[in-house]
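Since the structure comes first, as structure tokens, the remarks are kept for the end.
These values consider heavy atoms only, across backbone and side chains, with no hydrogens, waters or symmetry-generated copies. Throughout, a chain's letter reflects where its sequence line sits, starting with A, and its residues are numbered from 1.
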There are 2 protein chains.
Amino acid sequence: MSWVPDAAGSSYDLDNLPYGVFSVGDTPPRVGVRIGDFVMDAPAVAALGGDPGDGPDLATAWARPSLNFFLSLGAPTWRIAREWLVEVLGHEVHQERVEPLLVPVDDATMHLPFEVADYVDFYCSLQHATNVGRIFRPDAPALPPNWRHLPIGYHGRAGTVVVSGTTVTRPSGQRLPPGSSRGAPTPEFGPTRRLDIEAELGFVVGTPSPRGEPVPTSAFAEHVFGVTPLNDWSARDLQAWEYVPLGPFLAKSFATTVSAWVTPLAALSHARVPLPGQSPPPLPHLAVEEPAGFDIALEIVLNGEVVSRPPYASMYWSPAQMLAHLTSNGASLRTGDLYASGTISGDERDQRGSLLELSWGGREPFGSGRSFLEDGDTVTLRATAPGALGGRIALGEVTGTVLPSV
Amino acid sequence: MSWVPDAAGSSYDLDNLPYGVFSVGDTPPRVGVRIGDFVMDAPAVAALGGDPGDGPDLATAWARPSLNFFLSLGAPTWRIAREWLVEVLGHEVHQERVEPLLVPVDDATMHLPFEVADYVDFYCSLQHATNVGRIFRPDAPALPPNWRHLPIGYHGRAGTVVVSGTTVTRPSGQRLPPGSSRGAPTPEFGPTRRLDIEAELGFVVGTPSPRGEPVPTSAFAEHVFGVTPLNDWSARDLQAWEYVPLGPFLAKSFATTVSAWVTPLAALSHARVPLPGQSPPPLPHLAVEEPAGFDIALEIVLNGEVVSRPPYASMYWSPAQMLAHLTSNGASLRTGDLYASGTISGDERDQRGSLLELSWGGREPFGSGRSFLEDGDTVTLRATAPGALGGRIALGEVTGTVLPSV
């Protein structure tokens, strides 16, 4: 447990230690480590000389305005850094030197923690895919024929991934007016009427891979540094009109929100759980060693009220399988690649991860008569997981407020 | 006309002047300008003092290993730079100082000319979309209902955009064996059997735009710096199995080849032509001032033989409309964003831009009995356009050889 005031026993104790990028006032953005309700100025502490002598130069790596350089140093460095953080924040002998370099989290400005290289979004929840199929294609099988054979994914827009707290302006786009026939469609352009969220988990790649060399499922933890909750904001009316035949595009590309804090995989070692079961068994290149799932509990908070509790443990496809699929054609990985799980929906109504599902396509309002997002709404995703010290660790929250269209 | 030996009257005369990134031996990659059969060492020439006195510091901007910084300086700087290049390479007074800084193109190693931010691929050819619809969905309308209302697009993988000359290893992936039922599919994993090309034109964004501010069609030339032919390598069997419902993913993400040379829009002022005609007229945000098209003639060369001549002038949607659509939801642009036209196919069989179409789904072999790509095949895209000096300018070629799967 940490000597940092009020950190011991909190959801940001020594078993968590997520990384972010922060600044205070006009100081340059640099890497910070969350401990309790403080941000540790990581390069400043490393520069004190506590930096592991024979190890990497963490003071320099952490002085940068994004995590990318640190992430590119690879899994052995991530381990050294974590051991050193546990030493520095866990033993009172360091308190006198380190405490002055702790910034109250409320005094810090948090920045996008990593430069996003490519962003891929998957579709890994059986319950979500089934719900969407039933809502949109009630007369057809709910799941596409390929769904149980591969984790379906597509590329999203890396340039519009934003950090938690960033406002989201209601996007405009082409959509069919109510009652329009798809045979002789007359689309119109205007603000989306069906603005939605998707509660997801994002995975941040640290170690790159060369083009032409698929990454096996067993190499997941060598390449993936950590995780962040992720809100894949979606405009459902734009999506319905645009997505056949080449998939979602403008319905998703206006904003995707990640946390200011990236939780290292190392903090999730006690959260590993077996997958719910895969039938048929995946082809050999997608076979995975159990436990391949993660017991991460999410909450969707709409204007202060918890409206859903999606359980990540219910996901059909694991992140190691997503990574192996993504690279199975020889596609390379870059530091900063981000891939997300797709909407997380459990078996129960109050475990659904999108308003589309919570309101069953807008036909069955939930809570106090809500369906899609209204201007001024604030949506927050929270997530926790079992930690190594017996309690639960918190993943950094993901929040955003909807502004009216311009 | 240029004083550079044999440049005058060639397809790389003063009316062309594309930019690339080159190195010679162990020298660092830096910006070069193509003139005749030479690469002008751009930062070295700018450092001679010919650099426009009151203008931007081009010597520094061009000393970098990618075009991105120069592109980020914006359209006024692009114009100043071009005027200065015309002065330096057009007047013999500069020959004595500049000629020693010309490198024969065969002695230069060419690099990816820009760091790709986001990559978007469109589907703008009416003939291509119609052909694909007829081949894959013979019992349904050839065009999806949205096709004439918006330029359909999707995000591709920026990290696997490679420069001309890069080899392409045949990708593996999941695909249905011949005769497999889609109702009870039993996919297998293996090297693609239907490796294809797509002859396209790519547009390179220089000037960024903020999130939340759509870019109108009229601002096209303020944001887009230049063009490159582009080969969107495609694995058709992987694509057929994966693309419903979220679009192409691994079928396209293994490699996309661009030219080593980016031709500035300024070099294409004599290539502007009206679009073939849009019916129904596009919604107001997609309306465009004519001439919005480009008369760029492509050739697909398979192992030395010209197998098709796709005419870019036949494209239904213009690049200004693609850009306006792409940002109509408020998505921001970054320097280095790349968007491509989609396969360019004309009305005639020998104008089709993919082997899928040339062989009509593999059922009607073309040329010497060819359909999809074989290991060892070399595909080259060439493109030319009317220049300002009465002849034709060449866009940089795009070539790649297929290696067997590993």
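Contacts with chain A (heavy atom to heavy atom, under 4.5 Å) involve these residues of residues 321-337 of chain B, listed by number: His325(B), Leu326(B), Ser328(B), Asn329(B), Ala331(B), Ser332(B), Leu333(B), Arg334(B), Asp337(B). Taking 4.5 Å as the heavy-atom cut-off, the residues of residues 119-128 of chain A that approach chain B are Val120(A), Phe122(A), Tyr123(A), ordered by number.
Among Phe249(B), Trp147(B), Tyr154(B), the residue making the largest number of heavy-atom pairs under 4.5 Å with chain A is Phe249(B). Chosen from Pro187(A), Pro280(A), Ala117(A), the residue pairing most often with chain B at heavy-atom distances under 4.5 Å is Pro187(A). Among Pro208(A), Gly212(A), Gly159(A), Ala251(A), the residue making the largest number of heavy-atom pairs under 4.5 Å with chain B is Gly159(A). Most heavy-atom pairs under 4.5 Å with chain A, from the set Thr160(B), Leu150(B), Ile152(B): that is Leu150(B). For the set Arg148(A), Glu242(A), His285(A), the count of heavy-atom pairs under 4.5 angstrom toward chain B peaks at His285(A). Contact tally against chain A (heavy-atom pairs below 4.5 Å) for Ser405(B), Ser253(B), Pro171(B), Ala255(B): the top residue is Ser253(B). The residue among Thr169(A), Leu250(A), Leu403(A) with the most heavy atom pairs within less than 4.5 Å of chain B is Leu250(A). Contact count versus chain A (heavy atoms, under 4.5 Å) is highest, among Pro214(B), Ala158(B), Ala235(B), Pro191(B), for Ala158(B).
For the pair Val406(B)/Glu213(A), no side-chain contact is recorded, criterion being any heavy-atom separation below 4.5 Å from C-beta on. Thr166(A) is listed as a side-chain neighbour of Arg211(B), based on a closest heavy-atom distance under 4.5 Å. Looking at heavy atoms from C-beta onward, Pro245(B) lies in side-chain contact with Tyr243(A) at the 4.5 angstrom threshold. Two residues are said to be in side-chain contact when any heavy atoms from C-beta on lie closer than 4.5 Å; Leu246(B) and Pro248(A) meet this criterion.
Note that the CG atom of Asp118(A) and the NE2 atom of His155(B) stand 10.0 Å from one another [nearest 0.5 Å]. Here Leu283(A) contributes atom CG and Phe189(B) contributes atom CZ; the two are 8.5 Å apart, rounded to the nearest 0.5 Å.
The contact between His149(A) and chain B is made by backbone and side chain atoms together, counting heavy-atom distances below 4.5 Å. Proximity to chain B involves both the backbone and the side chain of Arg157(A), based on heavy atoms less than 4.5 angstrom apart. Contacts between Pro144(A) and chain B at a heavy-atom distance below 4.5 Å involve the side chain alone, from C-beta outward. Heavy atoms closer than 4.5 Å to chain B are found in the backbone of Glu188(A), but not in its side chain.
Remark: Gln278(A) CD is packed, more than 12 non-hydrogen atoms of other residues, nucleotides or ligands lying under 6.0 Å away.
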